[in-house]
2 protein chains.
Amino acid sequence: MSWRKEERRAERGYHHGNLKEALLQAALGLIAEKGAAGFTFADAARMAGVSAAAPYRHFRDRDELLSSIAQRGFEQFEARLTAAWDDGRPDTVTAFERVGRAYLAFAREEPAFYNAMFESGLPIDANPALQAASERAFNVIRAAAERLAALAPPGAPRPPAMMMALHIWSMAHGVASLFSRGDAARRKLPMSPDELLEAEVLIYLRGLGFPTDRSSSAKSAEPPPVPPEASSGSGVPPGGTPGGPWGKPK
Amino acid sequence: MSWRKEERRAERGYHHGNLKEALLQAALGLIAEKGAAGFTFADAARMAGVSAAAPYRHFRDRDELLSSIAQRGFEQFEARLTAAWDDGRPDTVTAFERVGRAYLAFAREEPAFYNAMFESGLPIDANPALQAASERAFNVIRAAAERLAALAPPGAPRPPAMMMALHIWSMAHGVASLFSRGDAARRKLPMSPDELLEAEVLIYLRGLGFPTDRSSSAKSAEPPPVPPEASSGSGVPPGGTPGGPWGKPK
DNA sequence: CAGCTCATGTGAACGACTTTTACATGAGCC
DNA sequence: GGCTCATGTAAAAGTCGTTCACATGAGCTG
């Protein structure tokens with residue numbers, strides 16, 4: 001009937017038991033609340049109920065805590081993008097769009113992670129592990145772009161997948177940074193950030209010669225695994241809105 | 001033969017004479033060097049040769065100095081975008097491209113301003129003057145988009161200028177944030193940020209139905225078929241490179 | 001169980017920063 | 001010449017990041 005280690009330690013004697021994790025969680029909350037710049041090492045310690053010196057047993061300094069959070073962020077980011085991509089189902093363009101929305105959703109729903117990853121000003125390429133994690137996340141977009149490029153329409157030249165990936169990334173990051181968070185999010189837009197990005201990507205893909213209408217999707221030589229009956233999934237409809245990527249052309 | 005005020009004061013007696021300006025300049029240098037997060041009020045004071053309390057005669061607090069810099073940044077930004085736009089000369093698309101490059105050039109050449117404006121985490125919409133300045137800068141892009149939308153090709157529906165402007169802004173900001181500065185700028189790209197953005201915008205415009213080739217400028221409303229000859233061009237020719245917005249279609 | 005050891009936490013201390021307060025200086029005006 | 005007010009200084013309080021010597025106690029070893 002003896003308690004297991006974690007449970008006993010959680011009752012906080014002299015030794016905290018989970019301090020590292022507790023600090024990470026506390027920091028996550030603080031960053032979400034006040035930004036990575038305003039986040040304070042001492043505050044995290046206080047929130048975990050330990051002295052200001054305790055965190056140094058688990059992190060070399062404040063920056064290492066921040067890096068740890070960014071690292072986790074990139075891992076979760078990668079996971080979400082991978083899930084959204086779902087190996088290109090039901091069709092490549094739809095899945096691609098879903099990745100874009102997942103990007104925005106992550107920026108919106110995980111402001112602390114996003115902040116640590118992209119807005120904290122910490123030198124990503126100084127930390128190999130961090131850089132690798134960010135690389136893995138980007139590779140999801142890259143792989144998706146690869147698949148998209150592979151089914152380039154017959155008439156058009158095949159665009160370099162790497163370039164497409166960088167373009168899509170910059171669009172998603174730009175929209176997320178400018179409109180989907182904190183400051184400028186209040187800027188009154190004619191459409192939601194999700195719609196804005198979706199339209200942007202669709203127009204871009206059309207510019208590359210991809211058919212972006214579900215109706216005209218399965219023409220030439222690519223795998224259309226799914227009949228055109230659109231799943232009425234929740235959230236944003238998977239295709240472009242009827243009438244082109246933007247609402248009312250008139 | 002008496003010296004004029006400024007000159008006498010510049011010799012620094014008890015009163016500095018230009019402290020406000022000196023602090024702004026010092027801060028600009030410090031931010032360019034160590035980022036807005038690392039910039040320190042005390043350091044700026046030291047650099048100006050005054051005590052740590054002196055700056056409080058000119059700025060309510062550290063944030064107000066930062067806001068002042070961001071404000072100036074937006075003003076210079078607007079000026080540069082306006083100059084780049086040059087009222088749409090010699091033709092709308094060319095001028096539009098130039099605005100994009102001006103955006104990146106500003107981010108690259110004025111890292112301190114750009115940092116204060118977009119990466120310092122200060123609440124832009126909390127300061128009406130700042131918000132207005134940022135609005136004015138954006139309006140340059142908006143006006144350019146308006147002109148572009150006005151000459152929409154006959155076949156295609158006319159895209160909302162506001163949406164176009166937001167799209168272009170997000171592209172420029174995304175490329176600048178991700179690839180054109182500090183951290184991830186080291187990420188090895190297949191092309192320069194300038195080329196990346198140019199291709200992105202050109203593909204986007206083509207997606208809207210705009211002719212993006214100078215040669216076939218006033219034709220019809222479809223993506224022009226591309227001859228397979230690829231230019232291995234260096235530099236960034238102002239139009240789309242012949243052979244499409246990217247280098248080697250192959 | 002005694003005792004050892006090492007990971008983990010504490011408290012005190014240092015220097016730097018932000019901001020406030022009381023005081024000093026001197027430029028411009030009568 | 002003297003007044004006054006903008007602009008500077010020094011000192012102090014409070015916070016942070018960080019280090020160091022020391023305390024605690026969990027888990028092993030016998």
Side-chain angles (χ1 to χ4, degrees), chain A residues 2-27 30-31 33-69 116 120-123, chain B residues 1-27 29-31 33-69 120-122:
Chain A
S2 67
W3 290 323
R4 297 232 310 284
K5 288 186 218 167
E6 292 83 15
E7 289 164 315
R8 284 175 63 197
R9 282 179 166 169
E11 307 208 338
R12 75 166 91 101
Y14 184 92
H15 285 28
H16 183 289
N18 279 16
L19 188 50
K20 186 161 187 171
E21 192 55 34
L23 288 172
L24 285 167
Q25 292 304 323
L30 289 170
I31 293 175
E33 193 183 340
K34 308 187 292 182
F39 148 73
T40 217
F41 215 30
D43 236 348
R46 209 169 299 132
M47 189 159 301
V50 296
S51 74
Y56 288 86
R57 295 294 175 194
H58 301 275
F59 301 97
R60 196 173 351 85
D61 55 19
R62 183 178 171 284
D63 266 16
E64 195 182 273
L65 209 188
L66 228 49
S67 291
S68 292
I69 289 186
S120 65
L122 57 79
Chain B
M1 273 291 175
S2 66
W3 290 323
R4 296 231 311 283
K5 289 186 220 165
E6 292 83 18
E7 289 164 315
R8 284 176 62 196
R9 280 179 167 168
E11 307 209 338
R12 78 167 90 99
Y14 185 94
H15 285 30
H16 183 290
N18 278 17
L19 187 50
K20 186 162 189 172
E21 193 54 35
L23 287 172
L24 286 167
Q25 291 304 324
L30 289 170
I31 293 175
E33 193 182 341
K34 307 189 292 184
F39 148 73
T40 215
F41 215 31
D43 235 350
R46 208 169 301 131
M47 190 158 301
V50 296
S51 75
Y56 289 85
R57 296 294 175 193
H58 301 275
F59 302 96
R60 198 176 345 84
D61 55 19
R62 182 178 171 285
D63 266 16
E64 196 181 274
L65 208 188
L66 228 49
S67 292
S68 292
I69 289 186
S120 65
L122 56 78

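Hydrogens, waters and symmetry mates play no part in the numbers below; they use all other heavy atoms, side chains included. First the proteins, then the strands, lettered A, B, ... as listed; each starts at 1. In this text, all values refer to a predicted model and were calculated from it rather than measured experimentally.
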Atom pair distance, as rounded to whole Å: OH in A:Tyr56 and P in C:dC14: 17 Å
To the nearest Å, give me how far apart CD (A:Glu64) and P (D:dT18) are. 11 Å
Using a 4.0 Å heavy-atom cut-off across all strands, classify B:Asp43 as base, sugar-phosphate, or nothing. nothing
In terms of side-chain heavy atoms of B:Ala42, which of C:dT19, C:dC17, D:dT18 is nearest? C:dC17
Mind checking B:Phe41 for me? I need base, sugar-phosphate or nothing, with any heavy atom below 4.0 Å counting as a touch. sugar-phosphate
Footprint string (nucleotides 4-11 of chain C, 5' to 3'): B base within contact, S backbone only, - free, heavy atoms under 4.0 Å: ---BBBBB
A:Leu23 CG to A:Gln25 CD distance, which is reported to the nearest 0.5 Å: 10.0 Å
At under 4.0 Å, does any side-chain N or O of B:Arg46 touch on OP1 or OP2 of C:dC17? yes
Sequence neighbours excluded - ring-ring contact (aromatic ring centres under 6.0 Å, His included) pairs with any residue from residues 39-69 of chain A: A:Phe41-A:Tyr56
Rounded to whole Å, CG of A:Leu65 lies from C1' of D:dG17 at a distance of 13 Å
When you compare the side chain of A:Asp43 with that of A:Lys34, does any pair of heavy atoms fall below 4.5 Å? yes
D:dT15 phosphate, OP1 or OP2, under 4.0 Å from A:Thr40 side-chain N/O: no
Evaluate B:Leu19 against B:Arg57 for side-chain contact (heavy atoms from CB on, under 4.5 Å), listing each step before the verdict. CA-CA 9 Å; B:Leu19 187 50; B:Arg57 296 294 175 193; over 6 Å; no
Rounded to the nearest 0.5 Å, how far apart are OG of A:Ser120 and CD1 of A:Ile69? 9.5 Å
What is the distance, to the nearest angstrom, from the CG atom on A:Leu30 to the P atom on D:dC16? 11 Å
Within this structure, what is the CZ-OG distance for the pair B:Arg46 and B:Ser51, rounded to the nearest 0.5 Å? 11.0 Å
How many Å lie between CZ on B:Phe59 and C1' on D:dT7, as a whole number? 14 Å
